[in-house]
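All remarks here apply to the structure that follows.
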Amino acid sequence: MARRALTTTAAAFATAAALLLTACGGGDDSPSDDIKGAGNSSGSPSASPSSSAPGVKRPVIKLPSSFQLTFENWTSSDPVEQAVLKDGKEELRAGYAAVIANDPDSEAVAFYDTEGVRGQTKQWIKSYTDKGYTVIGKLPVFNPKVILAKNGKGAALTYCTDETEAKTRHRKTGKVEGNPAGTNPYVLYSLSLTKNEQGVWQNSSVRGERGKCSR
């Protein structure tokens, strides 16, 4: 059920890796020279301008009631962090919508992914569609944290998912399957996002680690 861990360059993943260490309390090196801000905290807002990208025509993403993708506490008082959260949310929704629509070449996925990561996201979608699977059930997404790069063009986002009630269903046979018995249902995702010329925060890398989250 989990998104595949995608291979990225060290540079593209640097900000997300820094946030991962911060979120988990690990690492000895301070990332303060490169990043600024801290997710949904009550700290002072970033000095960067808002990047909600008003006027940009965004793709319409629809998910059926058979798959409930919910986002918990997906808000920030900082307008730039909120823009990152908004686009990170839509990128995830676009991916699962593509799986359900059996559409590895989804235009919505292309809208929210950079060119460098688009092909890898397509392979993740095809890991379902090539085998005739879709997704059903419930997938809560929670505990988001954002760190912004000082240059205003990059951000790191982490969040957790709970796959306890998320399942796959074969399109032809109707067979429903969940994770194998004993699988930890919690997955921590670490993303790097880059703001494009339109002001949209696009996914440039993503990595998933099972068992790194809890309720």
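Just so we're clear, the structure is a prediction, and the values are computed from it rather than from any experiment.
In this structure, CG on L85 lies 10.5 Å from CG on N73, to the nearest 0.5 angstrom. With values rounded to the nearest 0.5 angstrom, T158 atom OG1 is found 8.0 Å from I147 atom CD1. Between the CZ atom in R215 and the SG atom in C160 there is a gap of 9.0 Å [rounded to 0.5 Å]. A distance of 9.0 Å separates NZ in K195 from CG in N151, rounded to the nearest 0.5 Å. Once rounded to the nearest 0.5 Å, the distance linking CG of L193 with OG of S205 reads 8.0 Å.
Contact detail for T70 and P140: the closest heavy-atom pair is OG1-CA, 3.4 Å. When every heavy atom of I100 is checked against every heavy atom of R171, the shortest pair comes out as O-NH1, 3.3 Å. When all heavy atoms of F111 and K57 are compared, the closest pair comes out as CE1-O, 3.7 Å. In plain terms, the two heavy atoms of E81 and L148 that are nearest each other are CG-CD1, 3.9 Å. Summarising the geometry of T75 relative to Q82, their closest heavy-atom pair is CA-OE1, 3.0 Å, with the distance given to 0.1 Å. Closest non-hydrogen pair, N179 versus E163, comes out as ND2-OE1, 2.8 Å.
Contact annotation: the side chain of V117 never approaches that of S204 to less than 4.5 Å [non-hydrogen atoms, C-beta and beyond]. Within the 4.5 Å cutoff, no side-chain heavy atoms of T134 are placed close to those of N102. Counting heavy atoms from C-beta outward, C213 and N143 have side chains that stay 4.5 Å or more apart. Inter-residue side-chain proximity for E91 and L191 is flagged as met; some heavy-atom pair is nearer than 4.5 Å. Considering only heavy atoms from C-beta on, P59 stays 4.5 Å or farther from E107 through its side chain. Annotation: side chain of Q68 is not in contact with side chain of E165 (no heavy-atom distance under 4.5 Å). Considering only heavy atoms from C-beta on, T183 comes within 4.5 Å of R210 through its side chain.
Taking the six-membered ring for Trp and thresholds of 30 and 60 degrees, Y159 and Y189 have ring planes inclined between 30 and 60 degrees apart. Y96 and W124 have perpendicular rings, their planes meeting at more than 60° on a 0 to 90° scale where under 30° would count as parallel.
A donor-acceptor contact shorter than 3.5 Å links the side chain of R118 to the backbone of A110. Looking only at distances, a side-chain donor or acceptor of T114 sits under 3.5 Å from a matching main-chain atom of N203.
At a threshold of 4.0 Å, the pair E90-R93 counts as salt-bridged, since one of the basic side-chain nitrogens sits closer than that to a carboxylate oxygen.
Hydrophobic clustering (side-chain heavy atoms under 4.5 Å, transitive across Ile, Leu, Val, Met, Phe, Trp, Tyr) keeps Y186 apart from L139. A continuous path of ILVMFWY side-chain contacts below 4.5 Å connects F71 to V109, so both sit in one hydrophobic cluster. There is a path of hydrophobic side-chain contacts, each under 4.5 Å, that joins V99 to L63. Cluster annotation: W74 is connected to V80 through the hydrophobic network of ILVMFWY side chains, with a link wherever side-chain heavy atoms come within less than 4.5 Å.
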Test side-chain hydrogen bond (donor to acceptor under 3.5 Å, both in side chains) on D162 and T164 and set out the steps. CA-CA 6 Å; D162 178 1; T164 302; 2.5 Å; yes

Let me see the working for D105 and K122 under side-chain contact (heavy atoms from CB on, under 4.5 Å), right down to the final yes or no. CA-CA 7 Å; D105 296 309; K122 180 177 179 178; 2.8 Å; yes

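Between the side chains of R58 and Y112, a donor-acceptor pair is found at a separation under 3.5 Å.
In this structure, R169 places its CZ atom where only 12 or fewer heavy-atom neighbours from other residues, nucleotides or ligands lie under 6.0 Å away.
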